[in-house]
Amino acid sequence: MSTGSSDVTTPGSVAAAVAVQEELRPLVDLVGPGPSAPATVAGLDVAYAKSGDLLAAAVTVLDARTLAVVDSAVCVGRPAFGYVPGLFAFRELPALLAALDRLTTRPALLVCDGHGLAHPRRFGLACHLGVVTGLPAIGVGKTPLVGEWVPPAAERGAWSPLRDGNDVVGRVLRTQAGVKPVFVSVGHRMSLDNATAQVLALTPRYRLPETTRTADRLCRDALTQAS
DNA sequence: GCGACAG
DNA sequence: ATCTTGTCGC
């Protein structure tokens, strides 16, 4: 039967990938506001081999109160798509979904390494993962993809809006005093206020959320063992 | 036409 | 993302 247009994770061309994003974008829940006190929060990240033909995706689930890792899973595979800014999600999505399937728990929130609405078509990785899984999701990027912004004040918790055209697509958030800010955006079933609050709760000490840090270590270790 | 461009 | 030396600082 048909194979291309019905698969929302592995399109066969750039045009098909863009079409998938346009097709799924209306399914994003922009209302939220999402859980104010999630019991568990998942971090997702991917590491690539230097050769570029192998990757490891990891998901770590943390107790939101203690930030201890209570569950985790990895998936080693191949990039499912070339790297194209704006279509980045298609590279990592299959491996990340496979890792999510291997969890024994169902996290209350996904914290993705990349953007959500702060995307040219308002459908970055965090939106895609949220829509496909049905889970609340947010994006936390280390560098901007779209939008204009001014640096927030130097203290932890300070933020400034990330604007693209007439839209506020996210926030530039200072998670540690005097440290380069991160870019927070809504993925699915979350308000921007709540997304900001959750990121601050996950960054008691470092610039990046503990979820991202634990997932990063796990996928790097998995990649080392695989290669 | 020229840069910019999540990871 | 990954490749990379040294350097500053707790």
Side-chain angles (χ1 to χ4, degrees), chain A residues 9-10 14 17-18 20-21 24-25 28 43-60 74-99 110-132 137-149 162-165 167 169-173 175-188 192 195 199 204-209 211-227:
Chain A
T9 62
T10 58
V14 165
V18 171
V20 168
Q21 293 183 331
L24 297 184
R25 177 175 54 183
V28 174
L44 302 89
D45 194 23
V46 173
Y48 294 84
K50 51 191 173 186
S51 43
D53 54 0
L54 194 67
L55 62 72
V59 184
T60 53
V74 298
C75 173
V76 174
R78 304 219 158 242
F81 206 84
Y83 174 64
V84 181
L87 299 178
F88 159 69
F90 295 102
R91 239 173 127 59
E92 312 189 333
L93 213 44
L96 285 172
L97 290 172
L110 303 181
V111 177
C112 309
D113 192 20
H115 301 290
L117 295 178
H119 175 278
R121 286 170 296 279
R122 308 290 182 264
F123 197 74
L125 174 66
C127 298
H128 210 140
L129 275 166
V131 166
V132 171
I138 63 175
V140 180
K142 296 181 285 293
T143 62
L145 172 61
V146 296
E148 304 90 49
W149 52 282
L162 177 61
R163 291 194 177 85
D164 189 30
D167 302 330
V169 297
R171 271 177 197 172
V172 186
L173 177 66
T175 55
Q176 295 299 327
V179 169
K180 187 162 58 152
V182 299
F183 299 78
V184 178
S185 59
V186 166
H188 186 55
L192 188 51
V199 171
R205 170 139 193 216
Y206 299 102
R207 178 195 177 217
L208 298 178
T211 39
T212 301
R213 291 167 46 78
T214 54
D216 180 74
R217 288 200 320 187
L218 182 55
C219 62
R220 288 198 196 199
D221 290 347
L223 190 59
T224 298
Q225 294 181 42
S227 47

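Proteins get letters first, then strands, A, B, ... in listed order; numbering begins at 1 in each. Please read all numbers here as calculations on a predicted model, not as lab measurements.
- Taking A:D113 as the reference, A:K142 meet the salt bridge (charged side-chain N to carboxylate O under 4.0 Å, His left out) condition, with sequence neighbours excluded.
- Applying the salt bridge (charged side-chain N to carboxylate O under 4.0 Å, His left out) criterion to A:R122, with sequence neighbours excluded, gives A:D164, A:D167.
- DNA chain B contains no stems of three or more consecutive Watson-Crick or G-U pairs with both distances under 3.5 Å.
- Judged by distance alone, with hydrogens and angles left aside, the side-chain atoms of A:S185 form a donor-acceptor pair with the main-chain N or O of A:G116 at under 3.5 Å.
- For A:F88, there are no ring-ring contact (aromatic ring centres under 6.0 Å, His included) partners, not counting sequence neighbours.
- Legend: salt bridge (Lys or Arg N to Asp or Glu O under 4.0 Å) pairs involving residues 76-94 of chain A, not counting sequence neighbours, sorted by first then second residue: A:D53-A:R78.
- The closest donor-acceptor contact from the side chain of A:Q21 to the backbone of A:G86 lies under 3.5 Å.
- Here A:G139 lies out of heavy-atom contact (under 4.0 Å) with every strand.
- Not counting sequence neighbours, A:R217 has no partner by the salt bridge (charged side-chain N to carboxylate O under 4.0 Å, His left out) test.
- Residues A:V182 and A:L208 meet the side-chain proximity criterion, which asks for heavy atoms closer than 4.5 Å.
- Between A:L192 and A:V186, the shortest heavy-atom contact is N-CG2, 3.6 Å.
- Interface residues of residues 118-129 of chain A facing DNA chain B, ordered by number: A:H119, A:G124, A:L125; criterion, heavy-atom separation under 4.0 Å.
- Here the shortest heavy-atom pairing between A:V76 and A:A222 reads CG2-O, 4.4 Å.
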Within the sub-3.5 Å range, which N or O atoms of nucleotides 2-9 of chain C have a protein N or O partner, and how far apart are they?
unit_1 : atom_1 : unit_2 : atom_2 : d
C:dT2  : OP1    : A:Y48  : N      : 3.4

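- Consecutive Watson-Crick or G-U pairing (both distances under 3.5 Å) never extends over three or more pairs in DNA chain C.
- A donor-acceptor contact shorter than 3.5 Å links the side chain of A:R207 to the backbone of A:P181.
- Take A:H119 and apply the ring-ring contact (aromatic ring centres under 6.0 Å, His included) test, not counting sequence neighbours, and it matches no residue.
- Boundaries of the chain A contact region on DNA chain B are B:dC5 to B:dG7, first to last in 5' to 3' order (nucleotide atom under 4.0 Å from a heavy atom).
- Aromatic ring orientation, A:F90 versus A:F81: tilted (interplanar angle from 30° to 60°).
- Annotation: side chain of A:T10 is in contact with side chain of A:P94 (closest heavy-atom distance under 4.5 Å).
- In this structure, the salt bridge (charged side-chain N to carboxylate O under 4.0 Å, His left out) partners of A:R25, at least two apart in sequence or on a different chain, are A:E22.
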